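A short write-up of the structure that comes next.
These numbers come from the heavy atoms of this one structure, side chains and all, not from hydrogens, waters or symmetry mates. Keep in mind that what you see is a predicted model, and the values were worked out from it rather than measured.
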Amino acid sequence: MIKSYNDLKVYKRSFKLAMDIFHMTREFPKEEQYSLTSQIIRSSRSISANISEGWSKRAYELVFKQHLINALGSCSETETWIAFAKECHYIDNDTYNHFICELKEIGKMLIKLHKNWITHEK
């Protein structure tokens with residue numbers, strides 16, 4: 001039974017992804033600190049942040065679902081920043097593929113949760 005956003009697999013997975021991206025960016029050049037590094041960290045954190053914020057508003061089904069859509073948008077944004085990191089040669093192809101695959105899976109999970117979520121009134 002889901003009692004908290006912490007019980008959602010998509011939340012756990014997106015939180016872990018954000019932490020993995022944070023650790024990966026520690027290797028980026030210092031001159032990227034306020035541009036690419038900042039953007040990729042913020043967009044990746046926004047995925048799980050939107051899930052948790054939406055969870056607190058889940059009594060309003062459309063509001064919760066809008067937060068899931070926002071989280072999906074943050075997935076796409078993070079994919080773009082990962083592509084920039086690859087093109088700038090800050091990450092290799094394997095790292096790029098790992099993160100892109102994970103973002104795609106999280107996106108699928110968000111779409112499924114959005115499609116299947118029904119708020120039950122008490």
Original post:
What do you reckon, is CZ of Phe84 surrounded by more than 12 foreign heavy atoms closer than 6.0 Å?
Top reply: no

Original post:
With sequence neighbours excluded, what pairs up with Tyr96 under the ring-ring contact (aromatic ring centres under 6.0 Å, His included) test?
Top reply: none

Subject >> From Ile41 atom CD1 to Gln33 atom CD, the distance as rounded to the nearest 0.5 Å >> reply: 9.0 Å

Original post:
Going through the checks in order, is the side-chain contact (heavy atoms from CB on, under 4.5 Å) test met by Tyr90 and Leu36?
Top reply: CA-CA 10 Å; Tyr90 300 151; Leu36 181 60; 3.7 Å; yes

**OP:** State the CD-CG distance between Gln66 and Asn50, to the nearest 0.5 angstrom.
**Re:** 9.0 Å

**OP:** Report yes if the side chains of Phe99 and Glu79 come closer than 4.5 Å at any heavy-atom pair, otherwise no.
**Re:** no

Original post:
Closest approach of His67 and Lys57, non-hydrogen atoms and distance?
Top reply: NE2-NZ, 3.6 Å

Original post:
Side-chain heavy atoms under 4.5 angstrom apart, residues restricted to Ile, Leu, Val, Met, Phe, Trp, Tyr: same cluster for Ile40 and Phe22?
Top reply: yes

Original post:
With side chains defined as the heavy atoms from C-beta onward, is the minimum distance between Ile51 and Leu113 less than 4.5 Å?
Top reply: no

**OP:** State, yes or no, whether a side-chain contact exists between Glu102 and Lys16 at a heavy-atom distance under 4.5 Å.
**Re:** no

Original post:
Does Asp92 have any side chain to side chain contact (heavy atoms under 4.5 Å, CB included) partners at least two apart in sequence or in another chain, and if so, which?
Top reply: Asp94, Thr95

**OP:** Could you grab the distance from atom NZ of Lys12 to atom CG of Asp7, nearest 0.5 Å is fine?
**Re:** 6.0 Å

Subject >> Residue pair Cys75 / Thr78, side-chain heavy-atom distance below 4.5 Å >> reply: no

Original post:
Counting distance only, does the side-chain N/O of Ser38 pair as donor-acceptor with the main-chain N or O of Ser35 below 3.5 Å?
Top reply: no

Subject >> Spacing of CD1 belonging to Ile106 relative to CD1 belonging to Ile111, to within rounding of 0.5 Å >> reply: 12.5 Å

Original post:
Any ion pair linking Arg42 and Glu77 (charged N to carboxylate O, less than 4.0 Å)?
Top reply: no

Original post:
Trp117, Val10: one ILVMFWY side-chain cluster at the under-4.5 Å cut-off?
Top reply: yes

Original post:
Tracing side-chain links under 4.5 Å among I, L, V, M, F, W and Y, which residues wind up in one group with Tyr60?
Top reply: Val63

Subject >> Atom of Ser74, atom of Ser46 and distance for their closest heavy-atom approach >> reply: OG-OG, 2.9 Å

Subject >> Crowding at CD, Glu27 (>12 non-hydrogen neighbours, <6.0 Å) >> reply: no

Original post:
Given side chains that start at C-beta, do those of Arg26 and Thr37 come closer than 4.5 Å, heavy atoms only?
Top reply: yes

Original post:
Say you draw a straight line from OG of Ser48 to CG of Leu8; how long is it, rounded to the nearest 0.5 Å?
Top reply: 11.5 Å

Subject >> Close side-chain approach of Ile21 and Ile82, heavy atoms under 4.5 Å >> reply: yes

Original post:
With under 30° as parallel and over 60° as perpendicular, where do the rings of Phe64 and Trp55 fit, or are they tilted in between?
Top reply: perpendicular

Original post:
Are Met19 and Met24 linked, directly or through other ILVMFWY residues, by side chains that come within less than 4.5 angstrom of each other?
Top reply: yes

Original post:
With a 4.5 Å limit on heavy-atom distance, are the side chains of Pro29 and Glu32 in contact?
Top reply: yes

**OP:** Could you tell me whether the side chain of Leu103 reaches within less than 4.5 Å of the side chain of Ile47, counting heavy atoms only?
**Re:** yes

